[in-house]
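Letters go in sequence order (proteins before strands), and every chain restarts at 1. Excluded from the calculations below are hydrogen atoms, water molecules and symmetry mates; all remaining heavy atoms, backbone and side chain alike, are included. This one's a predicted model, so the numbers in the text were calculated from it and none came from an experiment.
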Amino acid sequence: VKLAGEFVFDGPREQVWDLVRDPEVLATALPGTQSMNQISESEYEGQMHVRVGPVSGVFAGRVLVSDEVPPESYTLSVEGRGAAGFGKGHGQVTLVALDDGKTLMQYEGDFQVGGKLAGVGQRMVETVARSMTRQGLESLNRALQARMAPEAEAEEMLAYQAPSEVEFATGVAKDLFAEFMSPEHETERLILTVALIAFLFGFLLGRGSR
Amino acid sequence: MPRKLIGRRITRTEDPRLLTGQALFVDDVDLPGMLHVAFLRSDYAHARLRSIDVSAARQRPGVVAVYTAEDMGEAWQPGPPLVSPPPTVEDVLFNSRTQVPLVKDKVRHVGEPIAAVVAESRYIAEDAVEDIFVDLEPLDPVVDIEKALEPDSPLVHDDLESNLAAHLAQGKGDYEAARAQADLVVKRRIVIDRGAAAAMENRGIVAYWEKKSQQLTLWDTTQSPIPIRNGLASMFGLSEHQVRVIAPFIGGAFGPKIMMFYPEEVLLTWATLKLGRPLKWIEDRRENFFATTQERGQVHEAEMALSSEGRILGLRDVFLHDTGAYDPYGLTIPLNTQCHALGPYDIANYETELRVVFTNKTIVTPVRGAGRPQGVFIVERLLDVAAKELGIDRVEIRKRNFLPPEAFPYNHEIIDQAFAPLVLDSGNYAPVLEKAADMIGYHEFIQKEQPRLRAEGRHVGIGIVSFIETTGVGPYEGARVTVEASGRVNVATGVGTQGQGHFTSFAQIVAEQLGVDVRDVHLTTGDTAQFHWGTGTFASRGAVVAANAIHAASTTVRGKILKLASKVLEVPEEELELEDGMVRVADIPQQCISLGELATLANPLRGAVEPGTEPGLEATDYFGPQYGATANGAHAMIIEVDPETMMVEIKRYVSVEDCGTVLNPLILEGQIHGGVALGISNSFYEQLIYDENGQLLNASLMDYVLPTATEIPRMEIGHEETRSPLNPLGSKGAGEAGAIPVPSLFAQAVEDALSDYELEVLEMPLSPNRLFELMAQAKEKES
């Protein structure tokens, strides 16, 4: 599955660089992350709970940062596996300083999934990945704001929590929905809307009963 | 003469039990002290196994044992091949590589079992599977069958030079010469993809080694209980009489359940012998998508040479067949494809060359149809293309090429799946096709209805195709028929039953011979303790091979009844008749004796049995045909395509079958209904989608589309009857017939419905999406 896009951070490039290389920030930005430890200069190890449609589970993985050119670019290689299958991918991330003091992140990557994640979750994998990326980047941007804000404001800002898993899943569902509302899916829309609502209900009920 | 029961529409005697939940299925077996097994299966299609750590799983409370390939020691062996390669063809290449109980060195498809957990419950076993740490080094997978043969392709089996599993070329006549004389040569590339059998009941096994009685009992969802018994006995050094295999009621099999030995059959047997406790494993639906065999993937380059009158002068077909990670089933499927690509036609010059290819995908073994639908697709599609080019009507071009009724038995001079020459025993093809055309109103539709509907802007099309089905192959089956003291008749045969209505159709044969009520015939199938000679239920052979064995045993018992009754009643045998469970003197019905009384007399407690006679009214007989009987048929349908959604609606469906003597028309129609449903599904719904990494992307019934009752049309069924000269009943098989012609029929009807677009359907399965793409391509070509 190919994944590519752009995102504008409301802050200067150096700060964005520090942010994306900070494991603690990354761990809070990606909902479901249970741990994220730096094990060497360029390697992180962690565990993450992932849900793709009916498939969910904890994935243990490793992130390797290479070809680093601070604060311009780096390559990310990700590998994770768990009872629900495996995923691996690599991507190129570039940071471009914009004139207005903002930073443009460009990313391009490729990932593959296997096991239950592929066999049962396939229909949603791509959208979920895009959604996770978008939401992750948005939370990173909020974390960036918090860092940049003056002390007083910062407390207020930091009181803002990274999204919970339920909020996150709702975000994913919204993205799925938006995708199917595009004109080429007109005929499938009704069925999928019903299915999505059912799915969301199931998810929330499932969460609630734990 | 006995009262006719064969051929009557008798409702199925097994249904009350099935419909009220009173029938035994493997999952109903619940033994005291039973443990449950779950398997750790590979998520990778191709990977080297570096290490496995099962220590955490072993420590989980409730886990009794965890096994890897290493733990099996000497018992770890690749399975014996189920079907050997054909010895009768020159220059045949066959690399036999069979499945293993648990992965030892290398994973070769997603879902291949790596470790097994035995625990107090399935829940615990499944949790413990997640405790296992397995270190797999991913390797580049082999997925596409054409790329698999390229020199730089990764290898599924490292000890082979390439991924070529088999190569076989055969033919007759001189195709090149025929081609040189031809007025028209049509050549097409045809691609057929994989589907699942998707039986309602997944596989399941209960295995129990009872130490004190030294008896191994296996309840198994197999189509082949006797070979399973014999094989397990020899694998584990037991006497065949220490092993009892029971294939109880089975919720559909469709071919994959004749595959043996599945890793689970070997592992559970080995483990119960070690633990001495009953073990149960029931396959879940997701496992079924990876661990139960699949079929149909082939790529053909096919060519047909014709005269301007539409006579087929010759046919050439070169194709690749995907066997998946292993090839335990030999060449059965591609040989069937080679044989059925000749269709019911007189084709004097034929060249056919097959290559079987290993890929990192689930193992391929026959699924209802078993290579036949692909063969039929080749010849029918090429005929359709030619008919269009030559301006000949589709029915007409078929009739011009049929083998005439006086040609039988007709030797095609190529070998079939039984490694014997493909000889068609009998048939009369033209009336079958004509009947199908009449029933659907072919000419009327083309001349009047279709133009009228097209004028309204509707995309309606008609299809009509012919096909043959080789059925009822040997080697043999047997049966034992016993009249009990109650007057009831007990019948045992070796073939298993998976929903075919054997309890009724077989009982009809016995009841007719012995003059009893069908409901007084009690049948046991698929229990090696009841009958232990035979091979299994496959190749549409139950109604031919097993039925004739039952017929033979019934006839012998009838003889014994008449002989004894003649003595008791002091009347010559010729004057006796069997009716209502009694033997009567024809003219004096009050002078009679019941079968029960005769059975008691034949098995006295005291006195003497005459020397040279056997006790009881019982006989065991066997039947082995000289070669297989060949059924045939013609299917026709009218469809409408919605150009907005590309959904295909089947307006009418007609099936005319000639499967020789019909034992029970109701059951035959049920078989055809099921077969056609699979055929429609193979044409427009079911497709296993593998990505370039060998991952199956639609491994659930949410994404793998099975048709439901709303997608399957009502069918109009007609019969013709050309008795097979190869067996006393004159029967031919029909179990697979329904599925065989449908893809070719569907393709033709879709082309006809979309004739404005000059669309050619040269692939299966289709889907609304795919049809949309094909139409877009056709439109592009036009502009």
TODO: Measure A:Val113 against the heavy atoms of chain B and call it side chain, backbone, both or neither at under 4.5 Å.
DONE: backbone
TODO: Give, as side chain, backbone, both or neither, the part of B:Tyr44 having an atom under 4.5 angstrom from any heavy atom of chain A.
DONE: both
Task: Salt bridge flag under 4.0 Å for residues B:Arg48 and B:Asp105 - done: no
Open item on the list: Return the CE to CD distance between A:Met36 and A:Glu45, rounded to the nearest 0.5 Å.
Closed with: 11.0 Å
Open item on the list: Sort by residue number and list every residue of residues 72-87 of chain A having at least one heavy atom under 4.5 Å from chain B.
Closed with: A:Arg81, A:Gly82, A:Ala83, A:Gly85, A:Phe86
- [ ] Just give me the residue among A:Lys116, A:Gln112, A:Lys88 that pairs up with chain B most often, heavy atom to heavy atom, under 4.5 Å.
- [x] A:Lys116
Open item on the list: For a 4.5 angstrom cut-off between non-hydrogen side-chain atoms, does A:Tyr107 reach A:Thr133?
Closed with: yes
Open item on the list: Here's a test for you: under side chain to side chain contact (heavy atoms under 4.5 Å, CB included), which of B:Asp53, B:Val66, B:Ile114 qualifies with B:Ile132?
Closed with: B:Val66
Open item on the list: Heavy atom to heavy atom, less than 4.5 Å: which residues from residues 8-16 of chain A reach chain B?
Closed with: none
TODO: Let me know if B:Leu696 has heavy atoms under 4.5 Å from chain A in its side chain, its backbone, both or neither.
DONE: backbone
TODO: Would you verify whether the NZ or CZ of B:Arg203 falls within 45 degrees of the ring axis of B:Tyr262 while also being under 6.0 Å from that six-membered ring's centre?
DONE: yes
Task: Under-4.0 Å salt bridge between A:Asp22 and A:Arg147 - done: yes
Open item on the list: Under a 4.0 Å threshold between the charged nitrogen and the carboxylate oxygen, would B:Glu112 count as salt-bridged to B:Arg41?
Closed with: no
Open item on the list: Can you confirm whether B:Ile689 sits close enough to B:Asn698 that some side-chain heavy atom of one is under 4.5 Å from a side-chain heavy atom of the other?
Closed with: yes
Open item on the list: Is B:Asn693 in contact with chain A via its backbone, its side chain, both, or neither, using a 4.5 Å heavy-atom distance?
Closed with: side chain
Open item on the list: Can you tell me how far apart CD (B:Glu201) and CD (B:Glu283) are? Round to the nearest 0.5 Å.
Closed with: 10.0 Å
- [ ] Look at the rings of B:His109 and B:Tyr326 and say which category their plane angle falls in: under 30° parallel, 30 to 60° tilted, over 60° perpendicular.
- [x] perpendicular
Open item on the list: Run B:Glu686 and B:Arg194 through salt bridge (Lys or Arg N to Asp or Glu O under 4.0 Å) and show every step you take.
Closed with: CA-CA 8 Å; B:Glu686 293 185 59; B:Arg194 271 191 192 217; over 6 Å; no
- [ ] Measure the spacing between CG of B:Leu136 and OG of B:Ser51 and express it to the nearest 0.5 Å.
- [x] 8.5 Å
